[in-house]
Amino acid sequence: QVQLAESGGGLVQAGGSLRLSCAASRRTLSNYAMGWFRQAPGKEREFVAAISWSGGRTYHADSVKGRFTISRDNPKNTVYLQMNSLKPEDTAVYYCAAKRVTDFGAYVYYTAGYEYDYWGQGTQVTVSS
């Protein structure tokens, strides 16, 4: 079983930047495709970004494209979400998630929450106007 721990959240002014990290324990993250999701108060969980197991393929939601970047460092067992030009509407709890890979020849990413096997506890990001 993979244990995921997010960090790097906090309070930032609009236009600022944050970098979220998702560290894994007990298993190597290179066996997993990874994703970031977020949930704002009173709203459903929303896909943010995803990355294949090797890092060769990424996908970002339209709402964050050009501002957020997902990346990973497999030797460090860590996935990142660099968030620039933050807006108040980015305020949410951010979660990382892991999807076990069975075909390492397919560089696949996943955008639906139900496809993921493991989730972290989340980290709060608050953007003030």
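Proximity of Leu81 to Tyr94: side-chain heavy atoms (C-beta onward) are separated by under 4.5 Å at one or more points. Taking 4.5 Å as the limit, some side-chain heavy atom of Leu86 sits within range of a side-chain heavy atom of Phe68. Counting only heavy atoms from C-beta outward, the side chains of Cys22 and Met34 approach each other to under 4.5 Å.
In the hydrophobic clustering, Tyr59 connects to Phe37, Phe47, Val93, Tyr95, Val108, Tyr109, Tyr110, Tyr116, Trp119, either directly or through intervening members, whenever side-chain heavy atoms lie under 4.5 Å apart.
Every salt bridge (Lys or Arg N to Asp or Glu O under 4.0 Å) that Lys65 has, sequence neighbours left out, goes to Asp62. Partners of Asp103 according to the salt bridge (Lys or Arg N to Asp or Glu O under 4.0 Å) rule, which considers only residues two or more places apart in sequence or in another chain, do not exist here. Residues that satisfy the salt bridge (Lys or Arg N to Asp or Glu O under 4.0 Å) test with Arg67, not counting sequence neighbours, are Asp90. For Trp53, the ring-ring contact (aromatic ring centres under 6.0 Å, His included) partners are Phe104, Tyr107, not counting sequence neighbours. Listed by chain and number, the residues in a side chain to side chain contact (heavy atoms under 4.5 Å, CB included) with Ser30 are Thr28, Asn74 (sequence neighbours excluded). For Thr126, the side-chain hydrogen bond (donor to acceptor under 3.5 Å, both in side chains) criterion is met by Gln124, not counting sequence neighbours.
For the residue pair Leu4 and Tyr118, the shortest heavy atom distance occurs at CD1-O, 3.7 Å. Closest non-hydrogen pair, Leu29 versus Val79, comes out as CD1-CG2, 3.8 Å. Heavy atoms only, all atoms of each residue included: Arg72 and Ala33 are closest at NH1-CA, 4.1 Å.
Within the structure, side-chain hydrogen bond (donor to acceptor under 3.5 Å, both in side chains) contacts touching residues 42-52 (residues at least two apart or in different chains) are Arg38-Glu46. Every pair tested for disulfide bond (SG atoms under 2.5 Å apart) that includes a residue from residues 39-80 fails, sequence neighbours excluded, so the list is empty. The list of salt bridge (Lys or Arg N to Asp or Glu O under 4.0 Å) pairs with a residue in residues 115-129, not counting sequence neighbours, is empty. Here disulfide bond (SG atoms under 2.5 Å apart) pairs that include residues 39-75, with residues two or more places apart or in two chains, number zero.
Tyr80 and Val64 are not part of a single hydrophobic cluster, where members link through side-chain heavy atoms under 4.5 Å apart.
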Result block: side-chain N/O donor-acceptor pairs under 3.5 angstrom for residues 5-20, not counting sequence neighbours:
| from | atom 1 | to | atom 2 | distance (Å) |
| --- | --- | --- | --- | --- |
| Glu6 | OE1 | Gln121 | N | 3.1 |
| Glu6 | OE1 | Gly122 | N | 2.8 |
| Glu6 | OE2 | Cys96 | N | 2.9 |
| Glu6 | OE2 | Gly122 | N | 3.2 |
| Ser17 | OG | Asn84 | OD1 | 2.9 |

- Is there a side-chain contact (heavy atoms from CB on, under 4.5 Å) between Tyr32 and Arg100 once you walk through the steps? CA-CA 5 Å; Tyr32 296 83; Arg100 175 89 178 171; 3.7 Å; yes
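At least one donor-acceptor pair closer than 3.5 Å links the side chain of His60 to the backbone N or O of Ile70. Remark: the backbone N or O of Lys76 is paired with a side-chain donor or acceptor of Thr78 at under 3.5 angstrom.
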